[in-house]
Amino acid sequence: MGRPHPGVDRGVVIVGSGMAGAQTAMALRRRKYPGTVTLVGAEAELPYQRPPLSKEYLKGSLEDGGLLLRPAQFWAEHEIELVADVEAVRIDRMAQHITLSDGRKLPYAHLVLALGAENRSLPGVPVPRGVLGLRTIGDARALRARLQHGRELVIVGGGFIGMEVAAAARERGARVTIIEAMDRIMARVLSEEMSQYFSDRHREQGVQILTACEVARFSGDRHVTGVELADGSQLPADTVLIGIGVSPNTELADACGLEVAGGIVVGADLLTADRCISAIGDCALFPDPVSGASHRLESIQNATDQAQQVAKRLTGDGAGYDAVPWFWSNQYDLKLQIAGVAPSGGQSLVRGDPAQGSFSVCRFDGDRLAAIESVNRPADHIAARKLIGTEAARRLSRDQLADPTVPLRSLVLSPVA
Ligand code: NAI
């Protein structure tokens with residue numbers, strides 16, 4: 001790659017070296033952005049992938065090297081300056097520079113906030129030092145060292161982290177109890193039918209799942225020895241993980257006067273009200289092209305697609321962001337794939353037979369097909385990503401959707417009125 005364009009000394013500064021930030025830097029170079037590209041990250045590690053941290057890495061089938069997004073030399077070869085192990089502490093919008101925690105100032109022509117999210121802390125309960133969380137590679141190392149045969153693992157939160165870790169821990173022989181505050185697991189994202197299916201599979205694997213349940217206190221300090229629940233019952237534990245969701249990192253934006261409303265507010269172009277600042281990934285609140293409502297998505301696909309979108313705009317291609325969201329999770333031998341986002345409480349129908357281990361749940365927002373959750377039915381998932389968000393998704397025959405012998409892709413091509 002040639003040197004940055006002479007005279008362009010204020011390039012793009014990206015704050016946050018998670019998936020959204022790193023992908024922005026990579027996409028800018030792929031698209032031949034001529035200026036400097038600087039990627040600022042609070043972690044000391046080179047940019048790495050988080051999805052395996054709660055899956056293959058915990059099971060031991062992937063090591064540290066396999067997590068790296070790109071080999072070490074890639075960043076220098078592509079003239080992406082990595083500023084690691086340091087935080088951005090202030091944005092000066094007038095002067096167009098950010099200040100780092102070590103006092104350095106970085107000027108920008110465009111600033112991309114890819115600040116991610118941080119794990120929520122358990123409200124109202126003192127948390128001993130030995131209790132673990134899972135977000136970084138360091139967290140995953142600490143957890144992995146404790147997942148051995150005979151360990152007694154209690155996981156607070158039956159969301160994606162909780163259930164993926166439960167599956168990995170069972171495979172490594174630990175005993176596992178889930179404490180979930182809601183009346184079903186993974187309720188933030190999944191339909192009731194799919195929650196039930198995954199609960200059943202986890203219970204078959206020996207996971208104890210306690211729903212509508214809260215922690216009253218922990219015992220122990222560096223070594224946790226037990227958990228007491230709100231109803232007074234006691235659970236033995238030698239390892240406790242908390243995974244009760246995340247809060248977006250918005251303080252930096254808030255402090256410099258950008259609009260924050262449970263996420264950094266951006267338009268369909270992913271720009272804030274300051275046209276020199278974009279926000280993407282977990283921290284960004286953006287308009288859903290289908291419903292028009294603002295939402296924030298916590299997913300790799302969203303982080304990656306929004307990174308591409310910003311890189312496109314910064315290299316002269318200005319289309320808005322309108323991707324269909326999708327997610328996946330692997331637990332035991334189950335491959336869960338989700339396309340679209342459904343409101344909670346909407347209608348749903350099941351396609352295929354859960355007892356056969358291969359089925360989909362179609363979820364609606366009024367008449368519109370809003371999401372399809374599939375287990376071991378990849379063709380449904382691929383078709384769903386094409387179908388959701390189109391006009392056809394408002395006019396589908398529910399009988400056809402429910403019939404697993406009718407390929408979903410045929411409905412993409414010829415929706416029934
Ligand atoms: P989550 O939002 O998926 O699940 C949190 C769970 O904790 C919810 O079921 C919630 O009801 C429960 N909860 C909340 N407060 C509680 C309390 N006081 N006591 C007991 N339970 C409580 O968040 P999670 O699992 O922490 O994951 C963190 C982030 O990582 C999310 O952004 C998630 O999307 C992402 N992630 C995504 C994966 C995937 O897409 N496959 C895998 C792992 C993580």
Is the shortest heavy-atom distance from the side chain of [X] to the side chain of [Y] under 4.5 Å?
| X | Y | result |
| --- | --- | --- |
| Trp75 | Val37 | no |
| Val240 | Val215 | no |
| Ile209 | Arg203 | yes |
| Leu297 | Phe327 | yes |
| Glu81 | Leu39 | no |
| Leu58 | Arg141 | no |

What are the two closest non-hydrogen atoms of [X] and [Y], and how far apart are they?
| X | Y | result |
| --- | --- | --- |
| Cys276 | Gln96 | SG-OE1, 3.9 Å |
| Gly130 | Val224 | C-CG2, 3.8 Å |
| Pro123 | Ile244 | CD-CD1, 4.3 Å |
| Val13 | Tyr108 | CG2-CB, 3.8 Å |
| Pro325 | Gln301 | CA-OE1, 3.3 Å |

Could you please spell out the steps behind the side chain to side chain contact (heavy atoms under 4.5 Å, CB included) verdict for Leu241 and Val156? CA-CA 6 Å; Leu241 173 74; Val156 185; over 6 Å; no
Is there a donor-acceptor pair closer than 3.5 Å between any side-chain N or O of [X] and the backbone N or O of [Y]?
| X | Y | value |
| --- | --- | --- |
| Arg184 | Ser195 | no |
| Arg146 | Asp238 | yes |
| Arg385 | Ala339 | no |
| Asn249 | Leu115 | yes |
| Glu180 | Gly158 | yes |
| Arg363 | Ser348 | no |
| Arg296 | Gly262 | yes |
| Tyr48 | Ile137 | yes |
| Asn376 | Lys335 | yes |
| Thr99 | Lys105 | no |

Heavy-atom neighbours of [X] [atom1] exceed 12 at 6.0 Å:
| X | atom1 | answer |
| --- | --- | --- |
| Glu251 | CD | yes |
| Asp367 | CG | no |
| Lys386 | NZ | no |
| Gln347 | CD | no |

Would you say the side chains of [X] and [Y] form a donor-acceptor pair under 3.5 Å?
| X | Y | answer |
| --- | --- | --- |
| Ser299 | Asn302 | no |
| Arg313 | Gln308 | no |
| Asp200 | Gln196 | yes |
| Ser397 | Asp399 | no |
| Glu164 | Ser329 | yes |
| Thr272 | Asp274 | no |

Answer yes or no: is there an ion pair linking [X] with [Y], defined by an N-O contact shorter than 4.0 Å?
| X | Y | value |
| --- | --- | --- |
| Asp365 | Arg368 | yes |
| Glu63 | Arg144 | yes |
| Arg135 | Glu298 | no |
| Arg201 | Glu204 | yes |

Check against ring-ring contact (aromatic ring centres under 6.0 Å, His included), His295 and Phe286: CA-CA 6 Å; His295 67 173; Phe286 65 97; 4.8 Å; yes
Qualifying residue for side-chain contact (heavy atoms from CB on, under 4.5 Å) with Leu100, from Val89, Leu106, Val15: Leu106
Step-by-step salt bridge (charged side-chain N to carboxylate O under 4.0 Å, His left out) determination, Arg409 to Asp380: CA-CA 8 Å; Arg409 69 169 186 282; Asp380 278 6; over 6 Å; no
Within this structure, what is the [atom1]-[atom2] distance for the pair [X] and [Y], rounded to the nearest 0.5 Å?
| X | Y | atom1 | atom2 | result |
| --- | --- | --- | --- | --- |
| Leu28 | His78 | CG | NE2 | 12.5 Å |
| Ile178 | Leu153 | CD1 | CG | 7.5 Å |
| Leu190 | Met163 | CG | CE | 10.5 Å |
| Asp305 | Ile300 | CG | CD1 | 11.0 Å |
| Leu82 | Ile14 | CG | CD1 | 10.0 Å |

May I have the step-by-step check of side chain to side chain contact (heavy atoms under 4.5 Å, CB included) for Ser191 and Glu373, ending in yes or no? CA-CA 8 Å; Ser191 63; Glu373 302 162 352; 2.6 Å; yes
Regarding Arg188 and the six-membered ring of Phe160, is the cationic atom NZ or CZ under 6.0 Å from the ring centre and inside 45° of its axis? no
Evaluate the side-chain hydrogen bond (donor to acceptor under 3.5 Å, both in side chains) criterion for residues Thr315 and Arg31: first the C-alpha distance (whole Å), next the side-chain angles of each, then the deciding distance (0.1 Å), finally the verdict. CA-CA 7 Å; Thr315 51; Arg31 298 181 65 84; 2.8 Å; yes
Given Gln205, Arg170, His202, Glu171, the one that forms side-chain hydrogen bond (donor to acceptor under 3.5 Å, both in side chains) with Tyr332: His202
